[in-house]
Amino acid sequence: MIRPHSSFRHPTSGETRTAAHERLVGIDTRGIVRAIELAVIVPTYNERNNVPRLVGLLAESLGDIRWEVVFVDDDSPDGTADAVRALGRSDPRVRCVQRIGRRGLAGACIEGFLATSAPFLAVMDADLQHDERILRPMFEHLRKEGLDVVVGSRYVAGGGVGEWDASRTRASRWATKLAHLVCRQPVSDPMSGFFVFRREIFDDTVHRLSGVGFKILLDLLASSPKPLRIAEWPYEFRARTEGRSKFDNRAIGEFLYLLLEKSVGRWIPTRFIVFSAVGALGVLVHMTVLSGLYAGGLTSFVAAQTTATLVAMTFNYWLNNNTTYRDRRRTGWRWFTGLLGFCLACGIGAVANVGIATFLFDRHSTTWILSGLAGIVVGAVWNYAVTSVFTWSDEKK
């Protein structure tokens with residue numbers, strides 16, 4: 001059972017239920033509705049037990065600021081969205097955006113920003129690892145100093161990563177160094193998930209955002225069309241008490257994808273780069289199988305080559321389905337039909353590869369190296385274009 005959080009109190013002897021409701025939604029003594037100043041966007045996945053605690057902590061720390069909290073839940077199986085709606089029935093400052101069939105922290109934050117009209121926006125996690133007590137001073141500093149963004153930082157004096165072990169600390173430091181390669185702003189902690197900023201920054205940047213991965217701040221800083229006025233506020237990262245960390249191999253892959261998107265994605269489609277990298281790995285798989293079967297004396301060259309080709313195609317399809325097109329990945333029976341379509345497209349691409357290379361070598365006296373590379377490029381572009389349209393169409397099936 002979800003109980004009302006600590007900020008909600010029933011009407012006192014001198015306060016009617018209507019008056020209590022007006023106090024929460026921001027209606028003054030003249031009956032004029034006071035607009036929300038600050039919207040706190042909280043992406044969630046399996047954070048049911050943390051929701052009421054976080055709302056209570058926000059109420060205590062934000063005080064008389066006119067605020068709302070928008071939980072953007074990726075259809076958590078533990079009923080997080082139900083918990084948010086239960087609180088929202090007693091406190092109109094609590095709102096829920098439930099996403100069906102979509103995952104990802106950055107995308108959730110973007111939808112949360114779009115769901116509110118507040119002139120100031122904040123982002124924080126639901127796992128209680130961010131110190132909500134500094135949210136108000138960050139917000140006030142933003143307004144007082146005329147800043148664009150105030151970032152809660154673990155890497156300035158007074159901040160820290162809490163109880164992280166040495167390996168995670170090293171990983172975070174390396175990730176931060178990589179982030180600085182694409183971040184256009186001088187920030188010590190561009191990987192922070194805890195910050196406050198002006199809405200117009202989002203409005204100016206939204207069409208440039210990648211919406212990939214779990215670091216929306218990095219996406220904003222790398223995508224902004226103009227330099228931003230930024231300050232950093234130290235905080236100590238807390239230990240998680242409920243739920244599980246979302247940091248995993250998938251998060252790492254999405255982070256690397258974002259780096260590619262913000263570095264070379266403006267010239268070459270990032271999906272094509274990842275698709276080509278998968279193809280390169282497929283070559284290694286092909287040669288490994290071929291070597292094991294033929295060089296190992298297990299079968300003829302034709303049989304070994306055929307087997308290696310099928311294994312490599314299946315490997316490429318599987319890896320592309322889980323990386324390059326993870327947001328469109330095929331499951332169930334569609335996985336198998338997708339494999340057939342992928343193999344057919346790549347088969348035609350292989351014919352185009354050989355045909356172009358042979359034509360250039362025979363008719364134009366092109367060196368074998370350039371002819372071979374030209375064939376590879378043509379085959380790769382064909383495979384990418386055809387499979388992106390037919391195998392991994394973005395149309396919901």
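Scored by the salt bridge (Lys or Arg N to Asp or Glu O under 4.0 Å) test, K226 finds D204 as partners (sequence neighbours excluded). Here W335 pairs with Y317 under the ring-ring contact (aromatic ring centres under 6.0 Å, His included) rule; sequence neighbours left out.
No single ILVMFWY cluster, assembled from side-chain heavy atoms under 4.5 Å apart, contains both I110 and I100. By the criterion of side-chain heavy atoms lying less than 4.5 angstrom apart, applied directly or through intervening Ile, Leu, Val, Met, Phe, Trp or Tyr residues, V70 is grouped together with V206 in one hydrophobic cluster. Residues W318 and M313 are members of separate hydrophobic clusters, defined by side-chain heavy-atom contacts under 4.5 angstrom among Ile, Leu, Val, Met, Phe, Trp and Tyr. No single ILVMFWY cluster, assembled from side-chain heavy atoms under 4.5 Å apart, contains both L218 and V156. A single hydrophobic cluster is seen to contain both L284 and L293, as judged by linkage of ILVMFWY side chains at heavy-atom distances under 4.5 Å, directly or through other members.
Looking at every heavy atom in both residues, P234 comes nearest to I134 through O-CD1, 3.9 Å. Here the closest heavy-atom approach between residue N321 and residue R329 is recorded as O-CB, 3.0 Å. Residues G112 and I41 approach most closely at O-CD1, 3.5 Å, considering heavy atoms. In this structure, D127 and Q129 approach most closely via the heavy-atom pair OD2-OE1, 2.7 Å. Across L38 and A118, no two heavy atoms sit closer than the pair C-CB, 4.1 Å. Of all the heavy atoms in E232 and D189, the pair that sits closest is OE1-N, 3.4 Å.
In this structure, E140 CD and K144 NZ are separated by 9.0 Å, a value rounded to the nearest 0.5 Å. Here the straight-line distance linking atom OG of S76 with atom CZ of R99 works out to 10.5 Å at 0.5 Å rounding. Rounding to the nearest 0.5 angstrom, the gap separating the CG atom in L121 from the CG atom in D203 is 8.5 Å. The structure places CG of L228 at 10.5 Å from CG of L147, a figure rounded to the nearest 0.5 Å. The structure places CG of L57 at 10.5 Å from CG of L62, a figure rounded to the nearest 0.5 Å. To the nearest 0.5 Å, the span separating CG on D148 from CZ on R198 amounts to 6.5 Å.
Defined by atom type and a distance below 3.5 Å, a donor-acceptor pair is missing between the side-chain atoms of T80 and T44. Counting only N and O atoms by type, the side chains of D219 and S223 include a donor and acceptor under 3.5 Å apart. At a cut-off of 3.5 Å, with distance as the only test, a side-chain donor of T337 or R330 sits close to an acceptor on the other residue.
Inter-residue side-chain proximity for M191 and R154 is flagged as met; some heavy-atom pair is nearer than 4.5 Å. Proximity of R95 to F71: side-chain heavy atoms (C-beta onward) are nowhere separated by under 4.5 Å. A 4.5 Å side-chain heavy-atom check between Y325 and S388 finds at least one atom pair inside the cut-off. Using a 4.5 Å cut-off on side-chain heavy atoms (C-beta onward), P77 and Y45 make contact. Taking 4.5 Å as the limit, every side-chain heavy atom of D74 sits out of range of all side-chain heavy atoms of R102. Inter-residue side-chain proximity for F342 and N316 is flagged as met; some heavy-atom pair is nearer than 4.5 Å.
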(request) Would you sort out whether R136 and D64 count as a salt bridge (charged side-chain N to carboxylate O under 4.0 Å, His left out), showing the intermediate values? (result) CA-CA 10 Å; R136 179 169 189 142; D64 59 356; 2.9 Å; yes
(request) For side chain to side chain contact (heavy atoms under 4.5 Å, CB included), just list the numbers for I230 and L221, CA-CA rounded to whole Å, side-chain angles, deciding distance to a tenth of an Å, and then say yes or no. (result) CA-CA 10 Å; I230 301 175; L221 297 182; 3.8 Å; yes
(request) Begin from the C-alpha positions of F237 and F194 and carry the test ring pair (Phe, Tyr, Trp, His ring centres under 6.0 Å) through to its verdict. (result) CA-CA 10 Å; F237 202 66; F194 186 27; 9.6 Å; no
(request) Determine, stepwise, if the pair M124 / L54 fulfils side chain to side chain contact (heavy atoms under 4.5 Å, CB included). (result) CA-CA 10 Å; M124 66 185 303; L54 177 59; 4.0 Å; yes
(message) Under the criterion side chain to side chain contact (heavy atoms under 4.5 Å, CB included), I'd like the reasoning laid out for F195 against I216: C-alpha separation, chi angles, the key distance, then a yes or no.
(response) CA-CA 10 Å; F195 59 98; I216 185 63; 3.8 Å; yes
(message) Between T324 and W392, does the side chain to side chain contact (heavy atoms under 4.5 Å, CB included) criterion hold? Intermediate values first, please.
(response) CA-CA 10 Å; T324 314; W392 288 289; over 6 Å; no
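W233 CH2: more than 12 foreign heavy atoms inside a 6.0 Å radius.
Applying the salt bridge (charged side-chain N to carboxylate O under 4.0 Å, His left out) test between E37 and each of R143, R93, R199 identifies R143 as the sole match.
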